[in-house]
There are 2 protein chains.
Amino acid sequence: MGGPKKPEQERCDAILAAAYEIALAEGLDAVTARRVATAAGISTGLVFFHFQSKDGLLEALLGVLLDGTLDALSDSGLARLEPWDRLERMIRVELERLVEYHDAVELIFAFYFSRRDDLFRARIESSFGRYLAAFSPVCREVAAGTRIQGDELAATVVALVQGALIQAIRNPETFNPESILATLRAVRPA
Amino acid sequence: MGGPKKPEQERCDAILAAAYEIALAEGLDAVTARRVATAAGISTGLVFFHFQSKDGLLEALLGVLLDGTLDALSDSGLARLEPWDRLERMIRVELERLVEYHDAVELIFAFYFSRRDDLFRARIESSFGRYLAAFSPVCREVAAGTRIQGDELAATVVALVQGALIQAIRNPETFNPESILATLRAVRPA
DNA sequence: GTGGTCATTGACCGCGCGATCAATGTAGAG
DNA sequence: CTCTACATTGATCGCGCGGTCAATGACCAC
């Protein structure tokens, strides 16, 4: 027994990487302590040593997923554009970015729906909240001086992006963000 | 051993009802043969006698869920309305109906994301397909004579409805379909 | 060297799962 | 009444899971 020692973070990263791979390849259910340990080339016990419980491991994995997708909001300098152009640009960037990572997004949804308790949901919920908050300012600007309510527009935009994500997950090969963007451009008030 | 005999369908319905209750109350993971049997007041073996396998039971349960929600499209006679009014009406009806059954819809998403294979996905996918098909005709009418493409509009509408569903699942108490409907009305071309 | 700290191992425990099956009860046909 | 077909039971099997732990190795301070 015993073996080579490695610094905590390096080990944790390796375990998480193994868990990530298994989850991507075979789904959340396949992420068991034994399989992760084997994939990482370590023993079962070490997984619990570093993450306390399976839930601890999954929470950490969810954190990695969120950091790489929902929480990685780009706020490229778009201040010079018209509000409508900024909003359209944001939607385009988000659609393209999240569609690119559709498999990670799929895992996030799998996390969300795998449990009814708050362990994962609260975490995901707060990411979604930040997502809405990121769209809110420009939506308010777009709505200013029109019949549209800013917060209602923001809710609609987020719903549209989420729905588009579902479609991208359902059929990544044929889903095309341009369909949605073209429709948006067509209904844009002059 | 042995016990009172009941006709096949009656038993199956009872088993499915028990499974449905457990799934709604505690999630898909809680649907095990033992628990369903206990809830239905029968023995474990009888579940397998009637449904062959756990997957068989889950497939049947998914069928019940889809029949009650996605597949229950209302095609109330709206032929007299303008295309835009018809579309808006369809969206309103669907939002209100599916939000009412948000817990069943949540279970459908749980089915979808619980597995990566086609066992459940194909079934759900075909229901989503019918959903899109139901929106397509009116979307084509709405798009006729505008810059909008009918099929792109339909894809956008379905994405919007799906995204709204996610929001309704996330927060059933505060979600309000009117936010989205008001925004749609505001962007409607004159 | 020696001692202490901590990462690491892998056997082990108890559990609940899906599934099986011989035994048994029930109902209807003849 | 008997025979047959079938619904029903519950003990049972094997499995993989999450989690634990005493033993052991590696490393560092002195």
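Side chains are part of it too, since the values below use all heavy atoms of this structure and drop only hydrogens, waters and symmetry mates.
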Next on the checklist: Less than 4.0 angstrom from a charged side-chain N to a carboxylate O is my criterion; do R123(B) and E59(B) meet it?
Outcome noted: no
Next on the checklist: Assess whether a salt bridge exists between R97(B) and E94(B), defined as any Lys/Arg side-chain N lying under 4.0 Å from an Asp/Glu carboxylate O.
Outcome noted: yes
Next on the checklist: At a heavy-atom distance below 4.0 Å, what parts of residues 23-46 of chain B sit against DNA chain C?
Outcome noted: T32(B), A33(B), R34(B)
Next on the checklist: Working note: R188(B) + D85(B), criterion salt bridge (Lys or Arg N to Asp or Glu O under 4.0 Å); need CA distance, chi angles, decisive distance, verdict.
Outcome noted: CA-CA 10 Å; R188(B) 168 179 176 171; D85(B) 289 324; 3.0 Å; yes
Checklist outcome for this item: Residues of residues 49-61 of chain B with a heavy atom under 4.0 Å from any atom of DNA chain D, listed by number, are F49(B), H50(B)
Distance, rounded to the nearest Å, where [X] contributes [atom1] and [N] contributes [atom2]:
X      : N       : atom1 : atom2 : value
E10(A) : dT8(C)  : CD    : C1'   : 15 Å
I22(B) : dC17(C) : CD1   : C1'   : 14 Å
F48(B) : dT20(C) : CZ    : P     : 8 Å

Checklist entry - Taking the inter-plane angle between the rings of F109(B) and F128(B) on a 0 to 90° scale, is it parallel (under 30°), tilted (30 to 60°) or perpendicular (over 60°)? => result tilted
Taking all heavy atoms of [X] and all of [Y], pick out the closest pair and write down the distance.
X       : Y       : result
L57(B)  : A19(B)  : CD1-CB, 4.4 Å
T156(B) : S179(A) : OG1-O, 4.0 Å
E125(A) : Y112(A) : OE1-OH, 4.0 Å

Checklist entry - Is a donor on one side and an acceptor on the other found under 3.5 Å between the side chain of R34(B) and the backbone of T44(B)? => result no
